[in-house]
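What follows is a short report on a single structure.
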Amino acid sequence: MTEPLVLGIETSCDETGVGIVRGSTLLANEIASSVDLHARFGGVVPEVASRAHLEALVPTLHRALEKAEVKLADLDAIAVTAGPGLAGTLLVGVAAAKSYALALGKPLYGVNHMAAHAAVDILEHGPLPQPCMALLVSGGHSSLLLVEDVTSEVRSLGSTVDDAAGEAFDKVARVLGLPFPGGPHIDRAAKDGDPNFVPFPRGKADDGTFDFSFAGLKTAVARWVEARERAGEPVPVADVAAAFQEAVADVLTKKAVAACKAHGVDDLLIGGGVAANSRLRALAAERCEAEGIRLRVPRPGLCTDNGAMVAALGACLVEAGRTPSEPEFPADSSLPITEVLV
Amino acid sequence: MLLALDTSTPAITAALHDGTEVRAASTTVDAMRHGELLGPTLAKLFEQAGIKPPDLTRVVVGVGPGPFTGLRVGLVTAHALADALGLPVDGVCSLDALAVRVLAERAPDEPFLVATDARRKEVYWARYAPGQNVERLDGPHVDKPADIGWNGPAFGSGVLAYSESFSRVDSPDYPDAGQLAEAVVRGRIAVVPAQPLYLRRPDATPPTGRKPVLQR
């Protein structure tokens, strides 16, 4: 059999993503983002995102078909994010995917968003080593996953006990008067700052688990900034941004490397929107090299939520001969990582 | 071959009409499972009618008003199906669809009101003229039942749930896609673009300023 042509639909948060792959070859990755609509609220508003998905889905899908130069009839399968994510936004993608699958008579795979973040790297760096460690960090998640087989066996080693890393970036950006979403703005501001300016706390850094905590760090930054403001002194935005970013990158990479060593895994993959952070990438590269771990980070457009990652996981599932999902599967906002395919 | 469907209420209702008669119809009431049930419902209808999706020539969908999440399931399903098959998709106001059923089953001889539950102690409502065709006189609106002040005949889940606010209350409760399809085929109901009628803005307010973390 030639490599399967798979269309992937992603609507778990504020990006309407439609991707098309042929096996491990990326053909299209089209995104319609509603991020600008959420900026004035300081975070993603689920109803605003759901409305935007409904409007954007069909046009985004057509842009993807044009880009890939394929027709709907050519597809071998359709894959869609079944969870985890926002219940209302997931449902738009799931209902659309079911409808396309029914109309076209194509098999449908409801897949796990987190596993798709790991699977996407086959498009960039080829097949995933088995096993490999995945550090997935975004506005909604901060998890360490042991990926034995991305189509069937993914285990969570730890995750955040409070805020996701990306959420901390958004909240600290707000404290510093930087726009939403905070990640890119803090990264830019930090370029001129001193990462050792304030030793902000590294929550859970040495607790021996693979869990994370960013709420304490976020509050520590807010307290420091407020104390400065109250004393009538200027806030050195670049330095605070750099010191905050250093604390996040430090604890993420430290735990990821420790997880690799604890489980005898030689390959670390980083995904999710926060993987676009330059300091996280640099520190991960440095620490992996020191420990003899191979590091894989997809390009930023494949790290943030997108449809290609869903299509990539769908293609893996087709090639592994997995049975498609039953047509009545629900969108599951808290889908556990143990369920790669619903 | 027309597919008509509506998911603006707890009823997931869909029907196939061949231009002469309804070939298959299904209504399931389950407010929380629109996303799970609509797809299999459509598959079952195609099987019952002995047709395949490419045999469709037109799709009509209720555009609300109705609770947003369920409403979107119907809309995105209709758009995706029509897109995949290269078909036109039209909308109908979901309250009009309920009025179709009132006219068919109750044949009121005076102006009447229909309402469905909008949650938060409000209803979506509209007022209609009696007759064979759906003629909307007022609405759609979203209001507290007591604020509508209507003494004429009133129908729908929204008046049944708040019967104390209406003087003459009766079923039916939800739209029926079979009757909707028949009304569309006979030109007794107005079609509109298949865009959602939300009537409410998203529930969100911009933050007003930072909450201090330090004690005063």
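Chain A is the first sequence line, chain B the second, and so forth, proteins listed ahead of strands; every chain is numbered from 1.
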Checking A:Ala222 against chain B: side chain, backbone, both or neither under 4.5 Å from a heavy atom? both
Looking only at heavy atoms, what is the nearest atom pair of A:Arg51 and B:Arg200, with distance? NH2-O, 2.8 Å
Do you know which of A:Thr89, A:Leu91, A:Leu61 has the most heavy-atom pairs under 4.5 Å to chain B? A:Leu91
Taking every heavy atom of A:Leu102 against every heavy atom of B:Pro53, the minimum-distance pair comes out as O-CG, 3.6 Å
Any side-chain heavy-atom pair of A:His62 and B:Asp83 under 4.5 Å: yes
So which of B:Gly74, B:Ala82, B:Ala80 has the biggest tally of heavy-atom pairs under 4.5 Å with chain A? B:Ala80
Verify the neighbour count for atom CZ of B:Arg119: are there more than 12 heavy atoms of other residues, nucleotides or ligands below 6.0 Å? no
Tell me if the CD atom of A:Glu69 is crowded by more than 12 foreign heavy atoms within 6.0 Å. no
Side chain, backbone, both or neither of B:Leu38 within contact of chain A (heavy atoms, under 4.5 Å): neither
Please check if atom NZ in B:Lys144 has more than 12 non-hydrogen atoms from other residues, nucleotides or ligands closer than 6.0 Å. yes
Under a 4.5 Å heavy-atom cutoff, which of A:Gly42, A:Ser50, A:Gly43 has the most pairs with chain B? A:Ser50
Main-chain N/O of B:Gly35 paired to A:Lys98 side chain as donor or acceptor, under 3.5 Å: yes
Are more than 12 heavy atoms, taken from residues, nucleotides or ligands other than B:Glu47, located less than 6.0 Å from that residue's CD atom? no
Is a side-chain N or O of A:Ser99 found less than 3.5 angstrom from the main chain of B:Leu81, in a donor-acceptor match? yes
Which bit of A:Ala101 is near chain B, if near means a heavy-atom gap under 4.5 Å: side chain, backbone, both or neither? neither
Which region of A:Val92, side chain (C-beta onward) or backbone (N, CA, C, O), has a non-hydrogen atom less than 4.5 Å from a non-hydrogen atom of chain B, or is it both or neither? both
If every non-hydrogen atom of A:Gly88 is compared with every non-hydrogen atom of B:Thr69, which pair is closest and at what distance? CA-CG2, 4.5 Å
With the side chain counted from C-beta on, respond yes when A:Glu47 and B:Arg201 share a heavy-atom pair under 4.5 Å apart, and no when they do not. no
